[in-house]
Each structure stands twice: as C-alpha cells, then as structure tokens.
Amino acid sequence: MAKSITPRSQDYSRWYTDIVLRAELADYAPVKGCMVIRPYGYSIWEKMQRELDDRFKATGHLNAYFPLFIPESFLKKEAEHVKGFAPECAVVTHGGGKPLEEPLYVRPTSETIIWNTYKGWIHSYRDLPLLINQWCNVVRWEMRTRLFLRTTEFLWQEGHTAHATEEEARSETMRMLEVYRDFAEGVMALPVVPGRKTENEKFAGAVETYSIEAMMQDRHALQAGTSHYLGQNFAKAFDVQYQDAGGQLQYVHATSWGVSTRLIGALVMAHSDDQGLVLPPKLAPIEAVIVPIWKDDATKTLVLQAARALAADYPRRLAIRVDDREGFNPGWKYNEWEMRGVPVRIELGPRDLQAQQVVAVRRDTGEKLKVPLGDAIPRVTSLLDEMQAGILKKAKAFLDAHTRPIDTYAEFRQFHETGSGFANAHWCGSADCEKSVAEETKATIRNIPLSAPEQPGRCVRCGQPSARRVLFAQAY
RNA sequence: CGGGGUGUAGCGCAGUUUGGAUAGCGCGCGUGCCUUGGGAGCACGAGGUCGCCGGUUCGAAUCCGGCCACCCCGACCA
C-alpha cells in the first residue's frame with residue numbers, strides 16, 4: 001500500500017493535509033468547510049481540554065453553557081461587533097416548518113448572549129468578579145477552509161469575565177494570555193510570541209486584543225490564542241451596571257479569551273515530519289507502543305507474554321498498546337505508528353528476550369536505545385520527558401533562527417518574498433503603513449510583542465519616528 | 001466571488017480524444033495457507049445507479065446542454 005506522505009519540501013500544504021488524514025485526526029465531511037474529528041484527533045483535543053480546564057479552574061473560573069442560537073437583535077447591539085461578525089454568520093430563518101418571528105444567528109462567539117444574561121446576574125460589587133468559561137462549538141462562514149486551521153464549524157473555549165474596575169479586567173486579560181503562553185510552551189511544546197494586536201487586527205468589539213503567535217515550519221505565523229480587554233463596550237450595549245460600595249451605579253469591565261481546535265493544526269504544522277505526525281508526549285493519546293516480533297509459535301508465545309507483562313506494569317494503562325495484530329510485519333507497524341506520532345516504540349523480539357532487553361525508539365529523533373527489560377518502564381517515562389523538552393527546544397531554535405530585526409524596507413521586502421519568517425521592525429503606528437506593507441509584502445503585523453523594549457527608531461515603511469519594534473510575518 | 005482542477009468500487013487511478021458486447025487496474029477489504037528485526041507472498045472471493053438531470057443516437061462512462069459537489073490558488077477571517 002503506497003502510504004506515503006507528500007514531502008514537506010515538495011508541497012507544504014499537501015503535506016499538512018496528508019498527515020491530518022493519514023494519522024486519522026480528521027476526515028472531510030459532506031458539508032462544505034466542515035470536518036469530522038476522528039477519535040484519535042479528538043483524544044488530542046480532550047487532552048488539551050483537560051490541561052486548559054485545570055488551569056482555568058485553578059485561576060478561579062467555572063464552566064457554564066449558553067445557547068447555540070442568538071436572537072438577531074442581540075448581535076446588532078454592539079456596533080463594532082456586528083460589523084465584524086454579521087458577514088460570516090449562519091442564520092436560521094425557519095423552525096417547525098414556519099418562518100421565525102426573529103431570525104436566530106448560530107453563534108460565531110457568545111459575547112452578546114452572555115452579556116444579555118449577565119445583566120440579570122450582576123447588581124452589586126459583591127457579584128463581581130464573575131469568572132465563567134464555556135466549552136462549545138461555533139460557526140463562522142469562512143470563504144476558504146482548511147482542516148483544523150479554519151473550518152466553518154469549530155470547537156473552542158471562550159472565557160467571559162466581568163470586573164468592577166478597568167485595572168482588574170486588564171489584569172485578567174493578561175493573566176489568561178499568560179495561561180495560554182504557559183500551556184503552549186509547556187504542553188504543546190510550542191514557543192509563542194505574546195503581544196498586543198494593532199487597532200486593525202483586534203477583535204470586533206474589543207478595546208484591546210492580545211495574542212500568542214506561533215511559527216509553523218513554513219515560517220508563517222499562526223495565531224494560537226487570543227485574550228481581549230472589552231472595556232465597557234458590552235456592558236453599555238447590554239446595560240450591565242452594578243452598585244459600588246458607595247452606592248453609585250457603574251458599568252462593569254469585561255474580558256473574553258479563547259483557543260480552538262485550530263491548536264491541533266498548529267501542533268501538526270509545528271512538529272511533524274515527512275514520516276508523519278510528531279506529538280509532544282503530554283498530548284499523545286498513546287505514549288508508547290510495543291511491537292512484538294516472532295519467528296514461530298514458540299517464540300511468539302514468549303514474546304507476547306513478555307510484551308503484555310510490560311504493558312500491564314505501565315503506570316498509565318490506556319496510554320500503552322501492544323500491537324499484536326497478525327498479518328502485519330514489524331516494518332509495517334513501525335511505519336504505521338510513526339505516521340500517528342506515537343512518541344516511543346518498543347521493539348521486543350526473540351533476540352531481545354535472549355538478552356533481557358528491549359529496543360526503544362524515539363519518534364522525534366529516530367534514535368534507538370537498548371534498555372534492560374527491568375528498566376524499560378522508568379526509561380520510557382524519562383524518555384517522554386526528554387522528548388517533551390527536546391521538541392520544545394527544537395521548535396524554539398527554529399523560531400529564533402527565523403526571527404530577526406530588520407531596518408530597511410529593501411531588506412524587509414526581500415525577507416518576506418522568500419518567506420523567511422518573523423521580522424522585528426519599527427512601525428510608526430499608522431494604519432496606512434500597515435496596509436501598504438501588507439499589500440506589498442503579504443506580511444502583516446502579528447502583534448506588538450510584550451517583550452519589545454522601548455527603543456526609538458524609524459518606521460520601516462515611511463521613516464517616521466517609532467517607539468518600538470513590532471512583529472511582522474506572513475500569517476495563516 | 002475570480003482563476004485552476006477533479007468527480008468511474010472504501011482509497012488512488014485507467015478508460016472519455018475517435019460512442020459499441022460482461023467497465024478495468026493497483027491498494028485496501030473477506031477466507032485459507034504461508035510469513036514476521038523497517039511498509040512480505042500465493043490462491044480464491046466480495047464490492048459499481050461511471051456526481052445529478054435532460055438531450056442526441058439503434059446504442060452513452062465516452063458526444064451536447066444544464067446543474068451540483070469537492071480540492072488547490074487569490075480577496076475576508078481564529
């Protein structure tokens with residue numbers, strides 16, 4: 001079976017799609033722009049959910065669920081918000097065989113219906129802060145879709161919080177951005193650049209939007225998470241006021257923040273290779289697979305016995321598998337599990353049994369190690385830790401190698417013509433320059449990195465004074 | 001919405017130019033044998049409204065008209 005993956009170097013886009021399909025993360029669905037998330041892909045999402053949800057709970061948030069359908073009038077209450085979302089909404093006009101009194105929008109995001117509800121929940125400063133998260137699906141009618149990266153329907157979480165003061169809401173915005181950064185690096189092994197979005201790129205309805213930006217292997221940027229300070233925009237649109245300790249009515253200050261199944265696409269594009277998926281161990285549904293090798297019935301019995309005993313001792317029983325399928329030779333199985341990104345393969349055959357050892361193979365480097373049978377489990381565990389760190393280190397080195405300061409427009413243009421990565425360049429702050437650069441180079445301002453020091457310079461496009469460098473890149 | 005491409009078995013394709021009898025091939029799938037240290041082998045077998053609708057014709061996967069769907073590339077977006 002010619003089960004090869006299109007090489008990255010030949011066609012990056014095909015390579016990505018091949019991996020998603022062949023590793024059985026997702027399938028195309030009968031509806032345009034929609035996908036089926038297969039069990040293996042969904043398992044990865046469940047692991048992400050668990051990690052994120054624990055972090056949300058640890059920072060005081062509770063989960064709730066709001067409706068899928070949003071009355072048209074709600075969406076229209078916040079002017080900027082409706083301008084941003086109306087064009088990409090699916091609208092239900094009929095129900096029960098009859099036209100509806102008021103069309104219902106399928107949520108593209110839930111700010112409006114949530115703030116309509118918060119109005120009834122918030123009356124006093126004692127009701128604040130209100131810290132709620134929701135796991136759900138949303139629909140955005142995109143022109144062009146790609147598996148995980150941009151689909152018409154996707155799964156995500158959206159946090160929606162209400163605070164008494166601007167200061168507290170701003171601090172929540174930054175706190176959750178940091179949760180995302182920590183998750184991306186610590187769990188996904190994905191180094192990111194946290195920063196503030198420009199006026200042009202921010203969320204419709206926000207005062208300020210922050211993002212974490214990751215670099216894919218084609219050196220394009222992918223927005224991996226967002227956190228918004230919404231100011232009092234939604235509080236005013238939905239009339240959400242509280243009485244402060246002095247008895248005065250005040251509008252609350254809001255935030256919202258989210259990450260989506262797009263992160264699975266980021267995972268694929270950041271770490272995988274021409275053999276298939278590479279998963280950071282912390283997100284791998286199967287951490288290790290044992291491939292038994294036998295010659296005849298006698299060795300088969302012994303080898304399988306040893307393999308099953310090893311698996312039975314593994315501390316996370318569901319995360320290890322013995323591939324005892326008949327009719328597939330070991331080489332076939334090696335390729336199969338590499339395709340699916342299982343971090344550690346354990347080869348166990350008659351020769352190993354003779355030597356009381358196993359051969360452990362790392363998915364990320366292909367390195368083969370002989371390990372005494374008795375040390376196999378602790379060694380696999382330590383290997384997983386080494387791989388988690390190794391994958392992050394490799395991704396970080398890649399990001400650093402393709403990020404650099406650029407000061408002249410000639411060099412800037414050439415850098416982006418060759419798709420060379422992240423450019424830190426000065427920008428005067430004008431939307432015109434931002435737009436010109438995008439038209440001329442396809443690079444956009446991904447964000448203004450939080451780490452960017454105050455450093456006077458001149459705008460790379462127009463030469464006007466600039467206070468700091470911003471991050472320019474071609475983006476997904 | 002513009003440009004390009006593709007619709008024939010679960011997947012990948014041939015056949016369409018030049019209409020003709022039972023629509024083929026590889027992989028996968030089922031059964032049996034054999035095999036297993038990097039994608040094995042043999043045998044038998046199951047599996048099709050040729051994307052849809054209409055037309056031309058004695059006869060259409062093939063020609064004509066219309067429609068639909070999906071993929072890739074661009075403009076919008078997480």
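The chains referred to below are lettered A, B, ... by the order of the sequence lines, with proteins before strands, and numbering in each begins at 1.
In this structure, Leu21(A) places its CG atom 10 Å from P of C72(B), rounding to the nearest Å.
Residue Glu201(A) is out of contact with every strand shown, counting any heavy-atom pair closer than 4.0 Å. Pro350(A) comes within 4.0 angstrom of a nucleotide base, judged by non-hydrogen atoms across all strands. Among the atoms of the strands shown, none is found under 4.0 Å from any heavy atom of Lys300(A). Across all strands shown, Arg345(A) has heavy atoms under 4.0 Å from base atoms, whether or not it also approaches the sugar-phosphate. In this structure, Val359(A) reaches the bases: a heavy-atom distance under 4.0 Å links it to at least one base atom across the strands shown. No contact: Thr109(A) has no heavy atom under 4.0 Å from any strand. Thr299(A) comes within 4.0 angstrom of no nucleic acid atom, judged by non-hydrogen atoms across all strands.
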Could you write out each protein N or O paired with an N or O of nucleotides 1-8 of chain B at a distance under 3.5 Å?
none

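Contact annotation: Arg144(A) does not reach the phosphate of C77(B) (side-chain N/O to OP1 or OP2, under 4.0 Å).
Using modelled atom types and a 3.5 Å distance limit, the side chains of His160(A) and Ser256(A) yield no donor-acceptor pair.
Against RNA chain B, the stretch residues 208-223 of chain A makes heavy-atom approaches under 4.0 Å through Gln223(A). Within a heavy-atom distance below 4.0 Å of RNA chain B, no residue of residues 178-199 of chain A is found.
Taking the centre and axis of the six-membered ring of Trp156(A), the NZ or CZ atom of Arg140(A) falls inside the cone set by 45° and 6.0 Å.
Tyr314(A) is linked by a ring-ring contact (aromatic ring centres under 6.0 Å, His included) to nothing, counting only residues two or more places apart in sequence or in another chain. Under the side chain to side chain contact (heavy atoms under 4.5 Å, CB included) criterion, Asp352(A) pairs with Leu348(A), Gln357(A), Val359(A), not counting sequence neighbours. Here Trp337(A) pairs with nothing under the ring-ring contact (aromatic ring centres under 6.0 Å, His included) rule; sequence neighbours left out.
Ring-plane geometry between Trp332(A) and Phe328(A) is classed as tilted, the angle between the planes lying from 30 to 60 degrees on a 0 to 90 degree scale.
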